[in-house]
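Note that the structure is a prediction, hence the values are computed from the model and not measured. Hydrogens, waters and symmetry mates are skipped; everything else that's a heavy atom, side chains included, is used. Letters A, B, ... are given to chains in the order of the sequence lines, protein chains preceding strands, and every chain is numbered from 1.
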Amino acid sequence: MSEKMREAAGGEKNGRPLSELLKNGNTIMMLLIIAALLILSIAIPRFMSVGNIFNLLVQASVIGLPAIGLTFIIITAGIDLSLPTNMACSAILGCLIMQKTQNVVLGVLSILFFAVLFGCINGFSVAVLKMVPMIVTLAIQTLNTGISNFCTQGTSIGGLPESFSRIFAGSIGGVVPVSVLVFLVVAVIMHQVLAKTIFGRQLFQTGINERAARVNGINTTKILFCIYVIGGVMAGINGVLTAARLNSAGPTMGPASAFNNIVCACVLGGASVWGGKGSILGTVFGSIVMAIITNVMNLLNVDFFATYVVKGLVIIVVCYLDVLRNRVKEN
Amino acid sequence: MAEKTTTLEIRNISKVFPGVRALNQVNIQAKGGEIVGLIGVNGAGKSTLMNILGGIHPQTEGEILIDGQEVRIESPKDAEKYGIGFIHQEPVMFQHMTVAENISISRLHGKINYRELNETARKYLDRMGCDINPRAKVRDLPIGERQMVEIARALSSGGKILLFDEPTASFTDAEKNRLFEVIRELKRKGSCIFFISHFLDEVAELTDRTIVLRDGRVVIEGNTAEITREQILQNMIGGKVAEVTAGKERSFDQVVMKVEGLTRGSKPDRVSFKLHRGEVLGIWGLMGSGRTETLRAIYGLDKPDAGSIYLDLEDGRGLRRVTPKETRELFGYVTEARHDDGCLLPWSVWENMSAPNLPSYKKKLFLDYGRQRQDSEEYCKKLNVKTASIYTRMESLSGGNQQKVIMAKWLIRRPKVFLIDEPTRGVDVGAKAEIQKMIRKLAEEGTACLVVSSEIEEISAVCDRVIVLNRGRISGELKKSEIAKEALMHLCV
Amino acid sequence: MKKRLAMVLSLGMALSMMGGFACQAEEGKTLKLGISWTHYNDSLFYSWGEGLEKIMEETCKDHGYDSVEWVSIVAEDDAAKQAADISDLITQDCDAIIAYAYDNQAIASSVKEAQEAGIPIVLWDRDEAEGATPEADLFIGLDTYNQAYLAGKAFFQKMIDAGETPTDIISIMGATNDNNALNRQKGFEDAAAEFDLEIKQTVPSDWDSEKALTGFTAAWQANPGSNCVLIASDFIVTSVQTVLEANDAWYPAGEEDHVWICSQDGFPTGVKFMQEGYMDYSGMYNVDGMCENFANAVYDLIDGTYEGEAKLYTEPMVVDAADVDTIELWGANYMDEAAE
């Protein structure tokens, strides 16, 4: 029994026989979400409307995209506190360019460029200079906030080409929002990368035991650098989608506090802040759960202060789950 | 100091873990001024017994009497209170603290007088004949010296009953002899000493009484002088074992690897040698002579300051210089500290076996998991790994089987050169013989092996030739027929 | 299995908590109003929320509704979350939405979304950025220029009547990018100009009492002879108090070294300082006026028959410290909380 539990906690176990799938944490997580959705659809009549479901998925994508990036980082027991501010800062810099040139392609590429640039700075500091991830990314967070406010003088960048928000905040066939589609596509790709490629397996080795990974011939410096760049890419994609949705970019769109939801999504999805564990599927489910919590509280018109209480409890529960999974196994 | 000597009595102790009866009605008596050797293969119950005395697990039934009084040992703190000192097999220490702080760790509270702390540490280390700096950080010490600190810690907390759990596993002869002197000194002062070891020679040399455990029971007990080696071995494993014995001299002609002037700081220092096809070359030296550092530099983990490695890639071009990146891809390297950097404990057997060989399992963009598991199954059989399945987690295997899995992961890639650091450390007698035989077999099939070992028996059984390291430099070379304790010691001092 | 069990239990607990806190809709024809606040942690917001609830409760019957259901969501100072919140309000088919915009540019996309769904949206207190499209159906705010202008004029008059000459006037303003802050600063300047006075030094605070403290410390050192301080909002007064106390200049009206202070908004702290005589004049939020404006417009907005102004600027209440106990002030309702 305890063996099964460990298997379940281990997250991704590839190519297992079908029967193993039921022991997998993600399967149970999915069943939980379905159960919650069923209960909620009975309790709240408008919950299951198509509009609300996509609304919910849009919210999940805002949490989920950076959470996918963080999953890669958290597997090495690292952290990237700059994900939300990187998103805001890159969006601002890119939108400034887009506003000046009225060129959507150039603007979107610049948003991604700046996000990757900040990711590279994080990666270089952690992987090559061997600095502590918490401190480096906190510094980048501060830097981002500084640049954001300096470039905008505290206001937001508007006056973007009309096609920008039409494309990136629109919906396919008037039903599926683009951001949801992008989120799912990115999730599928990153899942393949993490679970089925050499890079993914080497990343897990680095996360479980960096010294052993080096003995196994893995260039851990390269791995560490890459994951922070991946974090940057995710922040950039999120920046494009969020800026399009708000049809503007400003320092207000990525408060540092948004990090709470992101890390909660990862840990709910089976990633451990102690490293070595995590899966994209889990993180996607985690993001959906976090979005459901916010959405349900809005729909139920829960008292403001109670929402804080609930969120606080969720964070405590999530942290305790992480402890349960990692508790030193006796005997 | 004419106090009455300490006595320890263990009465009918049993310990039941879920599904396993680790100890079954064990009775042991010991008194101060006595060294008791405790022998058994892994899983015989030695460590469980020690853990009960050390307050890590409570016993399921039975009682412990110290000086005739029944005591309940519920925590390591209790154990310390009753004068039980525990020297662990794998040193458990605070890596970021100094040697002195670690030695006095249980007394660190309130305002700390560092001068006093360092003096205390100095005193106990001196008694062991160790010149470790009390101000050094533990993480900077080699594993052998850490164990010395561990012993000093137990001594300093005033232990009357001292439990040594394989303390010499990582020691050289000089360090071992020093330790034995300390142990004998403690015995003279009236301590009661339990000595657990895999090394039958050590038990015979040091102890007064020998107790052999098997499957949680005491199977034989008696004065060490009266029990023969053969008796002990038979009782340990319940059958006969064939020990690997030194074979005959072999000759080699084809050079596979040439190391030239390999230097990294002071260890290794201008190391040059040749390794032949099918040869097992031993590297021997005292603790701190740079054996592990030399292997790491050859494998390409640590960048050398100077020197190069030449390899015959069997492409008809003869020896050519290779980069660290190439050696990391072509060689196999079994590390000295299995749990530290040897394997991925939370991963399963098959995942560990394929971990270093991922590039060879590439199928288009992704990995071929079927082939990975197929190879694992094959090598589990080949190396006789005792595991429920290839899905079993590494951490639930015994030390010997873990070591076999680690050997297997390198064998899967068919290494050009196989670097093995301490192949049988912390491995029970049965697995030890198997692993040693395996190395011989590999060599006979043509693999060039480089073996580091602290055990002279192992070196002489396995190696065709030995180079001796002294402070990072090669101080001599011995042929198989010349390998003997005296000759080796002569070269390293 | 313990871990999974813990998870199920905790999710269940969270859900049941939400249920417990949820307000139940009443029977009959219900007017459903959604509010999106940026934050909800100071007395001005409470006062707005309670004022709106009260006046809508009173007026709904006259317009054919039996009750009012409120859906209030707080965006926790995150523009992206505010957009999501307003989407949720739209999903719930609110009859009208009130939004206190966190980002005056980004709010335009939410305005667009609401209008496309056919739900009237009213921006509260903070208007859209200039040029942002589309415009909200209605903006209800305070005439912040008049707030400072009228209060400043009465304040200087009171000072001169008392025989004092305003010297070395120091003004502590809000954020340089905030329209309300700029309006107030302009209002004070114009009021001073009426008396041929000039503001000697302006301290920008970015709406941050810490910055106000350091800025004003420097300003006071540069102008030790000042007897007159203009403040953009009441919550900065405590910073002024700290500096003046340290310089032995914090005395109530009537005493010789009294420094004359004119402030804005009417927060409970401001009301308290006026009662104690430290503050002399204030241009306060007319909370009831704002709520009345909303009630007058919202029914027509829902029916699509609204024909009034698209921007309603409510006149401020200019209050003399001498009258503070005789007039009903919004801030006075929250004095107990402020005392804590």
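When the salt bridge (charged side-chain N to carboxylate O under 4.0 Å, His left out) test is applied to C:D103, no partner is found at least two apart in sequence or on another chain. Considering only residues two or more places apart in sequence or on other chains, C:K211 meets the salt bridge (charged side-chain N to carboxylate O under 4.0 Å, His left out) condition with C:D206.
Taking the six-membered ring wherever Trp is involved, the centroid distance between the rings of C:Y285 and C:W330 does not fall below 6.0 Å. Taking the ring centroids of C:Y46 and C:Y40, they lie under the 6.0 Å cut-off.
Taking CH2 of A:W274 as the start and OG of A:S272 as the end, the distance is 6.0 Å to the nearest 0.5 Å. Taking OG of A:S165 as the start and CG of A:L241 as the end, the distance is 12.0 Å to the nearest 0.5 Å. In this structure, the separation between SG on C:C94 and CD1 on C:I302 is 10.0 Å, given to the nearest 0.5 Å.
Top candidate by heavy-atom pairs under 4.5 Å with chain C, chosen from A:T294, A:N295, A:I157, is A:N295. Comparing C:V71, C:D77, C:D88 by how many heavy-atom pairs each has under 4.5 Å with chain A, the most go to C:D88. Listed options C:S72, C:A83, C:A132 were ranked by heavy-atom pairs under 4.5 angstrom with chain A; first place goes to C:S72.
Judged by distance alone, with hydrogens and angles left aside, the side-chain atoms of C:S47 form no donor-acceptor pair with the main-chain N or O of C:S43 at under 3.5 Å. C:D95 places no side-chain N or O within 3.5 Å of a backbone atom of C:L33 that could act as its donor or acceptor partner.
With a 4.5 Å cut-off on non-hydrogen atoms, C:D78 touches chain A through its backbone and its side chain both. Proximity to chain A (any heavy atom under 4.5 Å) is shown, for C:A129, by neither the backbone nor the side chain.
In this pair, C:Y100 and C:W37 present their aromatic rings tilted. The plane angle is within the 30 to 60° band.
Looking at heavy atoms from C-beta onward, C:Q82 lies out of side-chain contact with C:I73 at the 4.5 angstrom threshold.
Under 3.5 Å, the side chains of A:N144 and A:S148 contain no donor-acceptor pair of N or O atoms.
Contact residues of residues 55-67 of chain A toward chain C are A:N55, A:Q59 (heavy-atom distance under 4.5 Å). Close approach to chain C, defined as a heavy atom under 4.5 Å from one of its heavy atoms, is seen in A:R245, A:L246, A:N247, A:S248, A:G250 of residues 243-251 of chain A, taken by number.
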